[in-house]
Amino acid sequence: MPILKNKNLASTDQGHSRHHEKRASFSISDSETGTGSIKISKNADGHMEVYFGFLQVFHRYSIRLTFPIEYIGPSITCETTAPGLVIHSIDEDDKTATVELEYVPPGDRVGSIIEELVIKSKTSNRKVHAHAHMEILGRTQGKPSLKQGVTCMEVLPDFLSSPSEWIASPNTTTDQSELTSLD
């Protein structure tokens with residue numbers, strides 16, 4: 001019988017196995033703003049860096065991105081070519097603009113993903129590129145704690161039927177008692 005190995009396992013000095021610890025580190029300036037804990041900063045070159053946090057494959061998310069209207073000006077439009085990212089609505093008041101998004105992370109990619117939104121003002125003719133940073137977890141990599149403004153709308157059927165991160169190593173046999181579950 002083949003031995004099962006997890007692509008995400010690492011050996012420790014004691015010969016035991018544990019998950020690789022993958023951490024996202026975001027450096028945010030003092031001028032950080034945003035709704036709840038979605039982090040937003042504006043670079044010197046005028047780009048917005050937006051940090052949505054941890055999401056999971058085969059889930060559909062609703063995301064409310066709120067930012068100061070002074071970043072771009074009133075009467076905004078928003079577009080993207082990112083697969084799985086859909087813009088549903090844009091609302092504005094005197095101080096903020098809110099873009100309602102829907103996002104389904106790609107099922108074949110886990111790790112850091114950066115998607116781009118282009119936000120334009122019809123009034124001022126200014127344009128800002130917003131880079132949406134997300135850490136995408138695989139099916140067996142735990143459950144993300146969602147930031148305020150990010151809501152899981154649906155767990156897609158593929159979540160339970162997709163292959164896991166476990167792979168079989170050919171030409172190797174082992175006793176079933178040696179296999180341990182990480183869940």
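Residues Ser124 and Gly73 approach most closely at OG-CA, 4.3 Å, considering heavy atoms. Residues Phe52 and Ala132 approach most closely at CE1-CB, 3.5 Å, considering heavy atoms. Between Pro74 and Glu92 the shortest heavy-atom distance is CA-OE1, 3.4 Å. Nearest heavy-atom pair across Ile76 and Ala97 is CD1-CB, 3.7 Å. Cys78 and Ile119 make their closest contact through SG-CG1, 3.9 Å (heavy atoms, listed as atom of the first residue, atom of the second, distance). Among all heavy-atom pairs drawn from Phe54 and Leu146, the shortest one is O-CD2, 3.7 Å.
Screening residues 98-116 for salt bridge (Lys or Arg N to Asp or Glu O under 4.0 Å) gives Arg60-Glu102, Arg64-Glu100 as the qualifying pairs, with residues at least two apart or on separate chains. Sorted by first then second residue, the salt bridge (Lys or Arg N to Asp or Glu O under 4.0 Å) pairs that include residues 117-133, not counting sequence neighbours, are Glu79-Lys120. Counting only residues at least two apart or in different chains, ring pair (Phe, Tyr, Trp, His ring centres under 6.0 Å) contacts with residues 101-129 comprise His47-His129.
In this structure, Val57 and Ile136 have side chains that are in contact, with non-hydrogen atoms separated by less than 4.5 Å. No side-chain heavy atom of Leu117 sits less than 4.5 Å from a side-chain heavy atom of Val128. The shortest side-chain heavy-atom distance between Met48 and Ile72 does not fall under the 4.5 Å cut-off. Looking at heavy atoms from C-beta onward, Ile113 lies in side-chain contact with Pro106 at the 4.5 angstrom threshold. Between Val99 and Phe67 the shortest side-chain heavy-atom distance falls below 4.5 Å.
Atom CG of Asp94 has 12 or fewer heavy atoms from other residues, nucleotides or ligands within 6.0 Å.
Leu65 and Val104 end up in the same hydrophobic cluster when Ile, Leu, Val, Met, Phe, Trp and Tyr side chains are linked at under 4.5 Å. Linking Ile, Leu, Val, Met, Phe, Trp and Tyr whenever their side-chain heavy atoms come within less than 4.5 Å puts Val150 and Val155 in one cluster. Under the 4.5 Å side-chain contact rule for hydrophobic residues, Ile40 and Ile87 share a cluster. At a threshold of 4.5 Å between side-chain heavy atoms, the hydrophobic network of Ile, Leu, Val, Met, Phe, Trp and Tyr places Leu85 and Leu156 in one connected group.
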Inset, instruction - Go through the steps to decide whether Thr80 and Leu101 satisfy the test side chain to side chain contact (heavy atoms under 4.5 Å, CB included), and finish with yes or no. - result: CA-CA 11 Å; Thr80 186; Leu101 307 163; over 6 Å; no
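A donor-acceptor contact shorter than 3.5 Å links the side chain of Tyr61 to the backbone of Gln56.
Separating the CG atom in Leu55 from the CG atom in Leu137 is a distance of 8.0 Å, to the nearest 0.5 Å.
Of the listed residues (Met134, Glu135, His133, His131), just one forms a side-chain contact (heavy atoms from CB on, under 4.5 Å) with Tyr51, and that residue is His133.
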